[in-house]
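Structure first, then comments.
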Amino acid sequence: MVTNEFTRESRLLTPSQFQSVFSNPSRFGSSHFTILITQSNDDNNRLGLAIAKKRVKLAVQRNRIKRLVRESFRLNQHQLPHIEMVVMVKSGIDELDNQQINKQLEKIWRKIIQRHKK
RNA sequence: CGAGUUGACCAGACAAUCGCUGCCUGAUUCAUUUUUAAUGUUUUCAGGGGGAGGAAAGUCCGGGCUCCAAAGAGCAGGGUGCCAGAUAACGUCUGGGGGGCGAAAGCCUACGACAAGUGCAGCAGAGAGAAGACCGCCGAUGGCUAGUUCACUAGUACAGGUAAGGGUGAAAGGGUGCGGUAAGAGCGCACCGGGCCGCUGGCAACAGUUGGCAGCAGGGUAAACUCCACCCGGAGCAAGACCAAAUAGGGUUUCAUAUGGCGUGGCUCGCGUUGAAACCGGGUAGGUUGCUUGAGCCUUAGAGUGAUUUAAGGCCUAGACGAAUGAUUGUCCACGACAGAACCCGGCUUAUCGGUCAACUCACCAA
RNA sequence: GUCCUCAUAGUUUAACCGGAUAAAACUGCGGCCUCCUAAGCCGCUGCUCCAGGUUCGAGUCCUGGUGGGGACG
């Protein structure tokens with residue numbers, strides 16, 4: 001049975017968890033995203049978000065981006081391998097609309113899946 | 001109906017699918033206790049109902065709350081500034097007064113005191129403060145020159161007089177008119193304006209005055225120092241409290257007593273704390289709590305011009321913590337602005353697509 | 001989230017107690033000199049972050065805003 005839930009177990013919660021990703025990452029990117037991933041220790045995928053105030057000024061826009069990333073991750077998580085990832089953004093992303101952001105994310109997921117099969 | 005003013009309210013709607021969060025109910029799992037059963041910082045599932053704003057923002061004021069001593073005395077420092085009231089409090093609000101703008105409704109207003117003292121005003125200008133003679137006017141009086149009717153007249157502009165006029169400047173020591181004079185001048189008078197004293201109205205700010213007094217007055221600047229009146233202790237939920245890994249900072253008793261060091265705004269006082277020995281146990285990472293029922297909202301009635309307040313009845317309306325309200329699709333319309341709670345309230349300020357309602361003013365038309 | 005600070009040529013600093021032309025160095029551009037470059041010399045470049053207010057007068061004083069920098073678990 002496949003559910004599209006997004007619980008606390010699918011997130012990075014503590015600073016130490018974030019550190020483990022930052023210490024040994026492989027990078028993926030697009031024009032407005034940078035994604036760091038490492039192999040997960042158990043069966044869960046974990047997502048962490050790092051959206052700097054410097055990159056996106058307004059709180060409304062930051063929230064919007066976080067929601068879109070989570071939503072996309074939620075819908076695609078079962079296709080991904082068991083990894084821990086941190087999503088970072090580049091400046092200018094707040095000028096994109098929802099459809100453009102979703103397209104970019106889907107591209108990245110495909111890249112990650114392909115890379116992992118090799 | 002047109003132009004405008006003020007106040008209040010709303011902040012796309014509906015449906016389907018997939019998700020997030022904590023609350024309630026029921027079931028389930030686990031743990032503990034004395035078996036039936038109860039409890040819960042346990043696990044999972046189902047159902048129900050709730051889930052960002054008018055500014056949540058800037059952090060500009062004011063409170064609550066918490067710790068520092070229970071927040072205390074003095075100095076320093078800061079704030080406010082017409083009057084009265086409202087309030088928990090305010091730099092906010094309400095009403096009133098003065099001043100300004102507008103045809104009106106109405107709007108704006110840091111608006112105490114330069115007659116307590118000190119300071120400032122470049123350049124220009126003669127002079128910038130109880131002033132001043134550059135041009136001008138006069139030259140009565142005194143001087144000089146001339147005349148002769150010799151106790152006078154004319155001229156000169158030397159002494160000097162003069163604040164009317166010109167000119168300088170942001171600003172030049174009441175205004176207009178008449179009299180007056182050598183020319184002038186509140187020098188005198190009339191009116192206007194202002195001052196002091198009184199009276200009347202008002203709680204007061206202030207207003208009025210057909211009353212009296214003195215010709216009239218030292219202008220501006222206090223968002224210059226200052227004076228006067230009133231107010232303010234400091235930090236902040238990363239405050240603080242509790243449970244507690246690693247590591248090694250503490251409490252009690254006795255002794256000691258520098259008036260030092262540290263803790264609290266800047267200082268002084270004051271207060272707390274300290275150094276040694278013995279005994280006993282303590283608390284960073286992390287977690288829990290503080291955390292939402294509150295100066296709360298709605299309705300009705302009373303008091304008040306109003307801000308507001310009193311009473312009765314009803315309601316519970318976000319509490320997250322790597323941070324919840326979303327995404328996709330469809331339909332409709334006026335095609336959706338500014339923008340996201342983080343301890344909580346009262347304000348102010350700033351950003352903002354539009355829409356609805358009420359009251360009032362002016363103009364036009366009709367009666 | 002809370003608490004502090006700063007803003008002047010392209011950059012780094014000045015400008016007294018508010019007083020009229022906002023000063024200096026480096027850089028940039030144009031010119032002179034030189035066969036060319038460097039050096040040297042001359043000239044140019046400003047809404048004092050923005051908007052109001054106080055004052056006769058504001059870079060300076062007051063109020064509101066904008067933008068940057070920093071500290072605290």
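Just so we're on the same page: letters track the sequence lines, and every chain starts at 1.
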- prompt: Base of B:A157 relative to its sugar, syn (within 90° of 0) or anti?
  reply: anti

task: Starting at the 5' end of nucleotides 325-332 of chain B, put B wherever the base has a protein heavy atom under 4.0 Å, S where only the sugar-phosphate does, and a dash everywhere else.
output: SBSSS---

- request: In whole angstrom, give me the gap between the C1' atoms of B:G236 and B:U247.
  value: 30 Å

field: Heavy-atom donor-acceptor pair, A:Lys57 side chain to A:Asp94 backbone, under 3.5 Å
entry: no

field: Length of the CD1-P vector between A:Ile65 and B:G340, whole Å
entry: 13 Å

message: Could you tell me how far apart A:Arg62 (CZ) and B:G340 (C1') are, to the nearest whole angstrom?
response: 9 Å

message: Looking at C:C41, which nucleotide sits across from it as a Watson-Crick or G-U wobble partner, both distances under 3.5 angstrom, or is there none?
response: C:G31

message: Would you measure the distance from the C1' atom in B:G184 across to the matching atom in B:A140 and give it in whole Å?
response: 12 Å

message: With the 90 degree cut-off around zero defining syn, does B:U25 come out syn or anti?
response: anti

message: Looking at B:G260, which nucleotide sits across from it as a Watson-Crick or G-U wobble partner, both distances under 3.5 angstrom, or is there none?
response: B:U274

- request: In whole angstrom, give me the gap between the P atoms of C:G67 and B:A86.
  value: 43 Å

- prompt: Using purine N1 to pyrimidine N3 plus N6-O4 or O6-N4 for Watson-Crick, or N1-O2 and O6-N3 for G-U wobble, each under 3.5 Å, what pairs with C:G57?
  reply: none

message: I'd like to know if the side chain of A:Ser72 pairs up with that of A:Glu106 as donor and acceptor (distance under 3.5 Å, no hydrogens or angles considered).
response: no

- request: Please determine, for B:U44, whether a Watson-Crick or G-U wobble partner exists with both distances under 3.5 Å, and give it or none.
  value: B:A27

- prompt: A:Gln61 or A:Lys66: which one's nearest nucleotide on RNA chain B is closer to the 5' end?
  reply: A:Lys66

query: Does atom NZ of A:Lys107 have more than 12 heavy-atom neighbours from other groups under 6.0 Å away?
result: no

- prompt: Are A:Ile51 and A:Leu58 in one and the same hydrophobic cluster, where Ile, Leu, Val, Met, Phe, Trp and Tyr link if side-chain heavy atoms are under 4.5 Å apart?
  reply: no

- prompt: When syn is taken as a glycosidic angle within 90 degrees of 0, is B:U288 syn or anti?
  reply: anti

message: Can a donor-acceptor pair be found, under 3.5 Å and without considering hydrogens, that links the side chain of A:Lys66 to the backbone of A:Ala50?
response: no

field: Base partner of B:A103, which must satisfy Watson-Crick or wobble distances under 3.5 Å
entry: none

field: C1'-based separation of B:U309 from B:C199 [nearest Å]
entry: 41 Å

message: Only pairs with both distances under 3.5 Å count, Watson-Crick or wobble alike; so what is the partner of B:G313 in this structure?
response: B:C298

- line: Per the glycosidic torsion and the 90° limit around 0, nucleotide B:C230 is anti

field: A:Lys57 NZ - B:G58 P separation (whole Å)
entry: 12 Å

query: Taking the C1' atom of each, how far is B:U252 from B:A239, in whole Å?
result: 30 Å

B:G220 glycosidic torsion: syn (within 90° of 0) vs anti: anti

message: Quick one, A:Leu36 with A:Phe28, criterion side-chain contact (heavy atoms from CB on, under 4.5 Å). Give me CA distance, side-chain angles, the key distance, then yes/no.
response: CA-CA 6 Å; A:Leu36 309 177; A:Phe28 292 87; over 6 Å; no

query: How far does the C1' atom of B:U145 sit from the matching atom of B:C158, given to the nearest Å?
result: 12 Å

statement: Here the distance between atom P of B:A351 and atom CG of A:Leu58, to the nearest Å, is 16 Å

- prompt: Roughly how far apart, to the nearest Å, are B:C18 and B:A46 at atom P?
  reply: 12 Å

message: So if I apply the side-chain contact (heavy atoms from CB on, under 4.5 Å) rule between A:Gln99 and each of A:Asp97, A:Leu96, A:Asn102, A:Ile101, which one comes out positive?
response: A:Asp97

query: Of the candidate nucleotides B:G340, B:G322, B:A323, which contains the atom at the shortest distance from the side chain of A:Ala50?
result: B:G322

query: Which atom names give the shortest non-hydrogen contact between A:Val56 and A:Gln61, and what distance separates them?
result: CG1-CB, 3.5 Å

- prompt: Paired with C:G1: which nucleotide, if any, by Watson-Crick or G-U wobble criteria at under 3.5 Å for both distances?
  reply: C:C72

Distance, C1' atom - from B:A56 to B:A323, rounded to whole angstrom: 16 Å

- prompt: A:Val87 and A:Phe73: side-chain contact (heavy atoms from CB on, under 4.5 Å), yes or no, with the steps?
  reply: CA-CA 11 Å; A:Val87 176; A:Phe73 175 80; over 6 Å; no

task: Could you please name the partner base of B:C280, counting Watson-Crick and G-U wobble pairs only when both distances are under 3.5 Å?
output: B:G250

- line: Taking for A:Asn63 and for A:Leu49 the nucleotide of RNA chain B with the nearest heavy atom, the one nearer the 5' end belongs to A:Leu49

